[in-house]
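Here's the structure we're looking at; comments come further down.
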Amino acid sequence: MPTNTEVAELFQGIADILDVQGEKFKPEAYRRAARSIESLTEELSAVAARDELRTIPGVGEAIEEKIKEFLATGKLDYYERLRKEVPPGILEMLAIPGLGPKTARRFWQELKVETPAQLADAIQQGRLNGVAGFGPKKIEQIRAAVVAAQGMPPATRMPIEQAFPIALRLTHGLREVRGVEQCEIAGSFRRRRETVGDLDILVTATDRETVFDTFSKLPEVREVRLRGGTKETVILTNGLQVDLRIVDPGEFGAALLYFTGSKDHNVMLRSLARDRGLKINEYGIFRGDDRVGGRTEEEMYRALSLAWIPPELRENHGEIEAAAKGPLPTLVEATNLTGDLHCHLARTVPGGDITAREFTAGVDRLAATARARKFGYAGVVVASVSESGRLDSVADDVHEHLGRADSPPLRLGRVVEVDGAGIPPEFAAVKPAYVILRPSAAHPDPPPPAVSKKLGAAVVAHVGGDAASRKWVAWAKANGAAIEVGPGPSRLDSTAARLARESGVPLVVPTGIDRPAEDPTGAVALGFARRAGAVPTDVRNAAPAAEVSRGWPKRKA
DNA sequence: GCCGTTTTCGGCCCGACTGTTTTCAGTCG
């Protein structure tokens with residue numbers, strides 16, 4: 001059974017071919033359907049089984065039929081036929097920056113150039129010289145792009161946690177520039193998508209030239225691709241593209257809205273505006289020639305009689321309809337978190353016993369960070385019985401030290417991390433506050449009922465993948481467990497987190513207090529929870545500290 | 001190919017940037 005991603009890629013492929021064939025609106029129709037399908041929180045086969053494919057935005061009669069055929073047979077006759085009409089190399093040429101479907105088609109039909117390699121040869125031989133529309137600059141631009149693309153992996157989206165530290169460094173550098181007032185990263189980064197294709201930075205500033213100059217000289221910048229009056233595009237040393245735009249303060253909200261997207265959210269807003277005799281663009285919202293908003297996003301939404309919509313929800317998944325009815329539920333925020341349920345103490349030997357010095361330093365650091373965030377508890381993973389004893393021996397000190405009048409007490413809970421096999425006997429003596437269940441290669445699946453019963457309160461962590469998520473969410477629901485959300489290859493992403501939330505399974509949001517300050521895990525995990533629509537009551541570690549740490553085992557005297 | 005509190009037909013976001021143009025086409029986001 002094809003996955004949603006495979007179906008989306010199929011339609012993207014169709015769109016590319018139709019583009020080269022010069023079709024005007026069909027490609028966008030297929031792309032829209034592809035985007036909708038890619039962002040579904042459910043498997044397409046389940047939607048098809050309920051006969052609700054047509055409820056997916058962008059899916060009409062023809063595409064519904066194509067989905068059904070592809071799901072049933074794993075192939076699509078229409079696509080197979082299309083593929084024969086265009087040489088396969090043409091589609092590779094589309095991946096070259098600055099080279100679009102029109103140009104690729106001309107190369108193919110007028111010059112019999114069908115692959116990037118043939119294109120490089122043609123340029124080398126001067127076959128493009130004198131061709132209408134191709135001056136020396138254009139030819140050089142294409143040549144450089146073809147050379148740059150050769151041997152390079154196709155452009156891929158970068159995991160957001162990888163882009164996060166870079167993004168923070170760039171905005172930090174920009175905010176230092178004199179005359180820079182506002183500075184925000186828009187795009188899918190602001191929506192906290194799992195991956196980002198590029199970074200869109202918006203700035204208001206008095207002196208544009210200085211901003212561009214400073215930005216292009218940041219150490220992370222490898223090359224400046226283009227620079228106009230309002231926009232600069234650069235490529236970072238890690239290959240990520242960054243667009244920097246300087247906008248007027250009165251247009252900042254409009255630009256932020258526009259460049260945050262998503263595309264489908266924007267399209268919906270524009271059609272809503274049109275219905276009301278308004279016009280939206282990246283400079284503001286207008287009635288005729290009168291600007292009725294643009295300084296802030298709130299102004300923009302208000303002009304459409306909509307409540308402000310958090311960026312994480314802007315996917316045209318019903319959030320606009322909800323915002324028309326009144327304010328949206330307030331999503332969980334960092335300040336709602338009351339503690340962390342999954343802390344590790346740093347150790348020099350992975351998996352090994354922690355040294356006394358590491359232990360003391362680790363607990364001190366953890367306690368200080370937790371206290372700075374006004375946390376009431378931290379669940380600390382102990383790797384052995386002796387570690388558990390150590391934690392107990394310092395926990396009283398920590399408690400006393402931090403439990404002063406000006407801050408709440410910090411409770412440290414013993415936590416045991418196990419896989420689906422259950423708790424090894426030596427850990428049973430630890431009497432953990434709760435158990436963190438972590439699927440392993442040997443035990444990828446939820447434990448059987450007999451083991452589940454013995455585990456007691458549990459947090460399921462490091463669950464990834466569509467099928468695994470479903471199994472574990474079901475298990476968590478049946479066993480009263482919570483499930484951790486976060487970035488990384490085997491962590492619950494926002495789609496799976498939504499599934500958990502909709503099933504009534506509490507989420508656990510890592511806060512990053514046990515990690516270096518620049519580690520983005522906490523910020524990204526919070527974003528994923530918000531994308532899933534989580535409000536504070538959906539998050540276990542957003543409940544009052546006393547409630548969360550109730551029943552944690554008493555420490556030895 | 002999709003879609004409809006202006007429509008079952010006739011629209012479909014739109015502006016910046018670049019290069020090649022003498023008023024525009026292609027690409028991108």
Side-chain angles (χ1 to χ4, degrees), chain A residues 11 14-37 53-67 78 82 93-107 128-142 144-145 155 186-189 196-202 224-233 241-247 251 254-255 257-286 305 316 321 324:
Chain A
F11 289 150
I14 291 175
D16 283 344
I17 297 173
L18 292 172
D19 246 342
V20 172
Q21 294 183 329
E23 286 280 354
K24 196 83 183 85
F25 296 105
K26 283 188 190 182
E28 194 44 38
Y30 278 101
R31 291 209 172 87
R32 180 160 135 76
R35 285 196 306 272
S36 279
I37 289 165
L53 288 173
R54 296 282 287 273
T55 65
I56 299 168
V59 176
E61 190 182 344
I63 291 186
E64 177 191 27
E65 288 307 316
K66 292 184 174 68
I67 295 173
Y78 175 67
L82 271 184
M93 289 209 282
L94 290 183
I96 296 168
L99 207 163
K102 297 271 169 49
T103 315
R105 179 184 166 84
R106 285 194 61 192
F107 286 158
L128 258 63
N129 299 340
V131 178
F134 291 95
K137 278 186 167 178
K138 188 91 195 167
I139 293 174
E140 170 53 24
Q141 183 191 317
I142 292 175
S188 50
F189 181 88
V196 297
D198 61 9
L199 294 177
D200 292 300
I201 306 182
L202 296 178
V224 177
R225 184 151 286 177
L226 64 86
R227 176 165 168 178
T230 62
K231 176 187 166 182
E232 182 171 62
T233 297
Q241 176 172 320
V242 183
D243 294 334
L244 174 66
R245 290 182 170 81
I246 303 183
V247 303
E251 300 168 346
L257 179 65
Y258 182 87
F259 288 109
T260 297
S262 67
K263 185 170 181 161
D264 293 321
H265 181 88
N266 287 353
V267 166
M268 190 70 166
L269 290 185
R270 275 193 293 270
S271 84
L272 210 59
R274 202 175 49 230
D275 294 346
R276 299 175 188 199
L278 298 163
K279 188 176 115 113
I280 287 189
N281 57 28
E282 66 236 67
Y283 304 107
I285 180 161
F286 303 87
S305 305
N316 194 25
E321 292 80 352

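Everything numeric here is computed off the predicted structure, so don't read it as measured data. Naming: A, B, ... by sequence-line order, numbering from 1 per chain.
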I need the minimum non-hydrogen distance between A/Gly58 and A/Ile63, along with the two atoms involved. O-CD1, 3.9 Å

Could you tell me whether A/Gln21 atom CD has more than 12 heavy atoms of other residues or ligands within 6.0 Å of it? yes

A/Leu82 and side chain to side chain contact (heavy atoms under 4.5 Å, CB included): which partner among A/Val20, A/Asp16, A/Ile17? A/Ile17

Could you identify which residues of residues 21-34 of chain A place a heavy atom less than 4.0 Å from some atom of DNA chain B, listed by residue number, or say none? A/Phe25, A/Lys26, A/Ala29, A/Tyr30

Counting any heavy atom closer than 4.0 Å, what does A/Gln241 reach on the DNA or RNA strands: base, sugar-phosphate only, or nothing? sugar-phosphate

For a quick check of understanding: with a heavy-atom distance under 4.0 Å over all strands, which category does A/Thr230 fall into, base, sugar-phosphate or nothing? sugar-phosphate

With a 4.0 angstrom cut-off to heavy atoms of chain A, pull out the first and last contacting nucleotide of DNA chain B, in 5'-to-3' order. B/dG1 to B/dG29

Do the side chain of A/Asp19 and the main chain of A/Gly22 share a donor and acceptor less than 3.5 angstrom apart? no

Would you measure the distance from the C1' atom in B/dT6 across to the matching atom in B/dG1 and give it in whole Å? 22 Å

Rounded P spacing from B/dG4 to B/dC13 in Å: 14 Å

Whether the side chain of A/Ser36 engages the backbone of A/Pro57 through a donor-acceptor N/O pair (distance < 3.5 Å, no angle test) should be reported. yes

Quote, to the nearest angstrom, the P distance that separates B/dG11 from B/dT20. 35 Å

May I ask you to say what A/Phe11 touches in the nucleic acid, namely base, sugar-phosphate or nothing, with a heavy-atom cut-off under 4.0 Å? nothing

When you measure from the side chain of A/Arg245 to the backbone N and O of A/Leu202, does any donor-acceptor pair fall under 3.5 Å? no

Using the C1' atom as the point on both nucleotides, what is the distance between B/dT8 and B/dC12, in whole Å? 16 Å

Would you indicate what A/Ile280 reaches in the nucleic acid, counting non-hydrogen atoms under 4.0 angstrom: base, sugar-phosphate, or nothing? nothing

If I compare all heavy atoms of A/Leu99 with all of A/Ile142, which pair ends up nearest, and what's the gap? CD1-CG2, 4.1 Å

May I ask you to say what A/Arg227 touches in the nucleic acid, namely base, sugar-phosphate or nothing, with a heavy-atom cut-off under 4.0 Å? sugar-phosphate

pair_partner(B/dC3), Watson-Crick or wobble, both distances < 3.5 Å, evaluates to B/dG10

When you compare B/dT27 with B/dT21, how far apart are their P atoms, in angstrom units rounded to a whole number? 16 Å

Roughly how many Å apart are B/dC17 and B/dT7, using the C1' atom of each and rounding to a whole number? 36 Å

Please report the interatomic distance CG(A/Asn281) to OH(A/Tyr258), rounded to the nearest 0.5 Å. 8.5 Å

Categorize A/Gly187 for me: base, sugar-phosphate, or nothing, with a 4.0 angstrom heavy-atom threshold over every strand shown. nothing

If you assign each of A/Arg225 and A/Asp198 to its closest nucleotide in DNA chain B, which residue comes earlier from the 5' end? A/Arg225

What contact category does A/Tyr283 fall into here, base, sugar-phosphate, or nothing, at under 4.0 angstrom with non-hydrogen atoms? sugar-phosphate

Would A/Val247 and A/Tyr283 satisfy side chain to side chain contact (heavy atoms under 4.5 Å, CB included), going step by step from the backbone distance to the final call? CA-CA 9 Å; A/Val247 303; A/Tyr283 304 107; over 6 Å; no

Can you see which heavy atom on A/Phe259 is nearest to which on A/Glu282, and at what distance? CZ-OE2, 4.0 Å

